[in-house]
Amino acid sequence: MAVDVGLQHSTKYNDWAPFMLIEGVKNPYTFKPRFEPDQEVQMKFYVPSDGNIALTVTGYADGEKISRSYVEPVPGWTATGNGNLIKRTTSIGQIQDRQDYNDGSYIRRVRWATSYIGTNSEDNIPWRNSQTYDYCSMPRSKVEVDYVHGGEETDSIFLD
């Protein structure tokens with residue numbers, strides 16, 4: 001089952017909410033607390049046991065540094081990593097079949113750094129170039145990527 005996990009920005013509140021969108025579940029899960037903008041946030045995505053996924057987010061919320069974990073059931077995901085496919089994505093959501101690449105939306109300087117892959121915290125290794133596949137679903141002229149290596153890049157998207 002496909003799973004989207006990460007942080008979703010609110011322009012109304014200028015903050016970031018942890019979220020999970022699980023294939024077959026009607027609405028995404030959004031969690032509290034909401035994290036402050038303009039900071040480094042650590043995210044750890046993992047499979048704590050067969051059929052469950054987890055996201056731990058560490059950063060500042062309401063002026064206090066906190067760490068929160070969120071766990072949800074997802075059939076088919078394995079703790080050994082067999083059959084799991086991981087992707088790292090920076091995106092701007094649009095209405096399906098109504099993409100507007102000139103709506104004025106933007107996201108700047110989303111930095112992915114110190115990215116690791118492994119079956120547990122003891123055997124993880126830095127995310128390598130050989131484990132990375134480049135795919136862009138919007139016009140390349142709208143995307144800027146400052147690529148350092150497979151585990152580090154800074155992304156910006158400008159829909160102007």
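In what follows, residues are counted from 1 in the order of the sequence shown. Below, each value reflects all heavy atoms present in this structure, side chains not excepted, and no hydrogens, waters or symmetry copies.
For Tyr101, the side-chain contact (heavy atoms from CB on, under 4.5 Å) partners two or more places apart in sequence, or in a different chain, are Gln99, Met138, Pro139, Lys142, Leu159. When the side-chain contact (heavy atoms from CB on, under 4.5 Å) test is applied to Ile125, the partners found at least two apart in sequence or on another chain are Arg128, Gln131. Considering only residues two or more places apart in sequence or on other chains, Thr58 meets the side chain to side chain donor-acceptor pair (under 3.5 Å) condition with Ser67. Residues satisfying the side chain to side chain donor-acceptor pair (under 3.5 Å) test with Ser10, not counting sequence neighbours, are none. With sequence neighbours left out, Thr154 forms a side-chain contact (heavy atoms from CB on, under 4.5 Å) with Arg109, Arg111, Asp146. Listed by chain and number, the residues in a side-chain contact (heavy atoms from CB on, under 4.5 Å) with Arg140 are Asp134, Cys136 (sequence neighbours excluded).
Evaluation of the ring pair (Phe, Tyr, Trp, His ring centres under 6.0 Å) test over residues 9-29, restricted to residues two or more places apart or in two chains, returns His9-Trp16. The list of side chain to side chain donor-acceptor pair (under 3.5 Å) pairs with a residue in residues 33-43, not counting sequence neighbours, reads Asp15-Arg34. Each ring pair (Phe, Tyr, Trp, His ring centres under 6.0 Å) pair with one or both residues in residues 43-71, not counting sequence neighbours, appears once here: Phe31-Tyr70, Phe45-Trp77. Applying the salt bridge (Lys or Arg N to Asp or Glu O under 4.0 Å) rule to pairs touching residues 62-86 yields nothing, sequence neighbours excluded.
Met20 and Val71 make their closest contact through CE-N, 4.5 Å (heavy atoms, listed as atom of the first residue, atom of the second, distance). For the residue pair Ile157 and Ile92, the shortest heavy atom distance occurs at CG2-CD1, 3.6 Å.
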Could you give the side-chain donor-acceptor pairs of residues 80-87 under 3.5 Å, partners two or more places apart or in another chain?
residue: Thr80; atom: OG1; partner: Asn82; partner atom: N; Å: 3.4
residue: Thr80; atom: OG1; partner: Asn82; partner atom: ND2; Å: 3.3
residue: Asn84; atom: OD1; partner: Thr78; partner atom: N; Å: 3.2
residue: Asn84; atom: ND2; partner: Thr78; partner atom: O; Å: 2.8

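Through direct or relayed side-chain contacts under 4.5 Å between Ile, Leu, Val, Met, Phe, Trp and Tyr, Tyr106 connects to Phe158.
With contacts defined as side-chain heavy-atom distances shorter than 4.5 Å, the pair Ile66/Pro33 qualifies.
Note that the CG atom of Asn124 and the OG atom of Ser115 stand 11.0 Å from one another [nearest 0.5 Å].
The side chain to side chain contact (heavy atoms under 4.5 Å, CB included) test with Val74 is passed by exactly one of Ile53, Val25, Asn52, Asp50: Ile53.
Using a distance-only test at 3.5 Å, with no hydrogens or angles considered, a donor-acceptor pair links the side chain of Glu23 to the main chain of Ala2.
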